[in-house]
**Student:** 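My questions will all concern the structure given below.
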Amino acid sequence: HYSLALFHATLQERRMYIPQGWTKFYEFSAADLRAASELISRVVQEAAKRKAPIRWEDVHSLLAQAVYGGRIDNDFDGKVLASYLSMFFNTEVIADSSRPGPRGTIGALKIPVPTSTQVEDHIAVIKKERPENDTPPAFGLPLNMESASQQTVSAAIVLQLRVLTRSGLLGEGFNREAWTTALAPTLDLWKRLSQGQDFAKAAAPAVKPMMDPVVSFVCQERALAIEVLKAVSTDMSELAKVLQGSVLLTSHMNKIGHALLHGETPGAWQQLWDGPEDPLVWLRAVLAKFLALGGIVESPDAQALLKRPLDLGIFLRPNIFLNAMRQLSARLLKTPIDELRFACSWLDSRIRGAQLTAAIEGLQLEGCRFDGARLVEMDGDSPNSVPVPKCTVAWVRKDDLEARDANEEIELPMYVSADRTRVVTKINVPCAGKDKWIQCGAALF
């Protein structure tokens, strides 16, 4: 129960570092602790009766699937949980009839496990070995996590203060003068961003029947960007007229205005493209993608398009780009699509068995650094995220996938952004050991 108490506390305290500790706030409760305690007690007692070693794999599975893991809905958070279970519950830490004698240590802080059964002895060890204030390394997180957490908290406070300054507007009816003052920064930003652009006349590129899937996808992305910007342009123009008093406030414009006053991207816009919550960031992002797509939409085929390194950040739906690559690779390889596997290489631009490759640039890594050969720990003064070298990706047949030592490579999630809400894909990165990098919350975006 000593190990379980430390395990439960670690899961709870890691929530201080969202989204790198956990991607969201999970409700690990006292009920979970009680259920886990009863389960472990029963397993230990049964093992003692049989005079057999404790089957910790079964305990890990039950705690991961039925108790704590039932709350987790992110696969990579599930890997963090599994890593902690292996660390806290094993024969090195908890005595059983098959291995009497001194115990090992627990967690990243290497807290020793008393052999005594007295509560006072366990409390004494915790007071001696556990620091007064928890630091990120206590949970396996990087040294720079504290500053990253403070920046996240600061950004949330700034957003709350911005909403509070407008709270008087939100509780009353339409006040033209107050709305004009509060929404001026958003309207001014849109005016600057859209200067010289006529979205109403922008023509979407035609998708031709014989186009390969990659080029077809790019054309569809450009068309989607135009559709999004036309809708935004219409709404912003209508909102400006409402504030000038030349048109009446409609239900739709009331929703748009209230969302912007809250500092939130309107739901109607998010339905067209699910982007950042901050409307100013959202507007900059969608226009940047529109302009970037204009530079590659004329590519005659996928080979020409992928001749240069590509930043997935220019796409509204980067995961669909990878699916388009998969479809075209299946055609080129004359292989069923479900028999292809995603492959990547950091050191070589060539991938065995690949007919179509893409060099991905612009990726950022959070939680650690990558020196081109393997993952490296962050320093205390390191930035929140660091750039990584170009990565070559491709879809290949299962038989062509190069076999690698599972302990020398880790599968990291690639998210759309640093908020870690949407996964694009998983990318293998060389490393030494895996649990360390799982617990540090390493991720690409």
**Student:** What pairs with Val207 under side-chain contact (heavy atoms from CB on, under 4.5 Å), at least two apart in sequence or on another chain?
**Tutor:** Met211, Ser216, Cys219, Gln220
**Student:** Can you tell if the side chain of Val232 reaches within under 4.5 Å of the side chain of Val286, non-hydrogen atoms only?
**Tutor:** no
**Student:** What pairs meet the ring pair (Phe, Tyr, Trp, His ring centres under 6.0 Å) rule with one or both residues in residues 325-371, with sequence neighbours excluded?
**Tutor:** Phe342-Trp395, Trp346-Phe370
**Student:** Restricting to side-chain contact (heavy atoms from CB on, under 4.5 Å), what partner residues turn up for Ala202, sequence neighbours left out?
**Tutor:**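 In terms of side-chain contact (heavy atoms from CB on, under 4.5 Å), with neighbours along the sequence ignored, Ala202 is linked to Ile226.
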**Student:** Applying side chain to side chain donor-acceptor pair (under 3.5 Å), name anything that partners Arg369, two or more places apart in sequence or on another chain.
**Tutor:** none
**Student:** Are Asp399 and Arg397 close enough, and set up right, to give a salt bridge (Lys or Arg N to Asp or Glu O under 4.0 Å), and what steps lead you there?
**Tutor:** CA-CA 5 Å; Asp399 296 341; Arg397 298 186 184 94; over 6 Å; no
**Student:** Among all residues two or more places apart in sequence or in another chain, which pass the side chain to side chain donor-acceptor pair (under 3.5 Å) test with Glu277?
**Tutor:** none
**Student:** Relative to each other, are the rings of Tyr17 and Phe139 parallel, tilted or perpendicular (30° and 60° limits)?
**Tutor:** tilted
**Student:** Taking all heavy atoms of Leu183 and all of Leu260, pick out the closest pair and write down the distance.
**Tutor:**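 Here Leu183 and Leu260 meet closest at CD2-CB, 3.6 Å.
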**Student:** Can you list everything that forms a side chain to side chain donor-acceptor pair (under 3.5 Å) with Ser233? Sequence neighbours excluded, please.
**Tutor:** none
**Student:** Please tell me whether Asp77 and Thr23 have a donor and an acceptor in their side chains that are separated by less than 3.5 angstrom.
**Tutor:** yes
**Student:** Sequence neighbours excluded, which residues qualify as salt bridge (charged side-chain N to carboxylate O under 4.0 Å, His left out) partners of Arg15?
**Tutor:**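 Salt bridge (charged side-chain N to carboxylate O under 4.0 Å, His left out) list for Arg15, sorted by chain: empty.
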**Student:** Side chains of Thr186 and Leu283, heavy atoms from C-beta outward: is any pair under 4.5 Å?
**Tutor:** yes
**Student:** Taking only residues two or more places apart in sequence, or in another chain, which ones meet Glu264 in a side-chain contact (heavy atoms from CB on, under 4.5 Å)?
**Tutor:**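 For Glu264, the residues satisfying side-chain contact (heavy atoms from CB on, under 4.5 Å) (neighbours in sequence not counted) are His262.
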**Student:** Between Arg71 and Asp32, is there a side-chain N and carboxylate O pair less than 4.0 Å apart?
**Tutor:** yes
**Student:** If you look at every heavy atom in Leu11 and Trp22, which pair is closest and at what distance?
**Tutor:** O-NE1, 3.0 Å
**Student:** By side chain to side chain donor-acceptor pair (under 3.5 Å), which residues pair with Ser237, not counting sequence neighbours?
**Tutor:** none
**Student:** Do Phe28 and Thr10 have side chains that approach each other closer than 4.5 Å (heavy atoms only, starting at C-beta)?
**Tutor:**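 No, their side chains stay 4.5 Å or more apart.
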**Student:** Ring pair (Phe, Tyr, Trp, His ring centres under 6.0 Å) with His60: which residues, sequence neighbours excluded?
**Tutor:**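 For His60 there are no ring pair (Phe, Tyr, Trp, His ring centres under 6.0 Å) partners, ignoring immediate neighbours.
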**Student:** Identify every side-chain donor-acceptor pair in residues 310-325 under 3.5 Å, counting partners at least two apart or on other chains, and give the distances.
**Tutor:**
{"from": "Asp311", "atom 1": "OD1", "to": "Gly313", "atom 2": "N", "distance (Å)": "2.8"}
{"from": "Arg317", "atom 1": "NE", "to": "Glu221", "atom 2": "OE2", "distance (Å)": "2.5"}
{"from": "Arg317", "atom 1": "NH2", "to": "Glu221", "atom 2": "OE2", "distance (Å)": "2.8"}

**Student:** Using the test ring pair (Phe, Tyr, Trp, His ring centres under 6.0 Å), find all partners of Trp273 that sit at least two apart in sequence or belong to another chain.
**Tutor:** Trp282
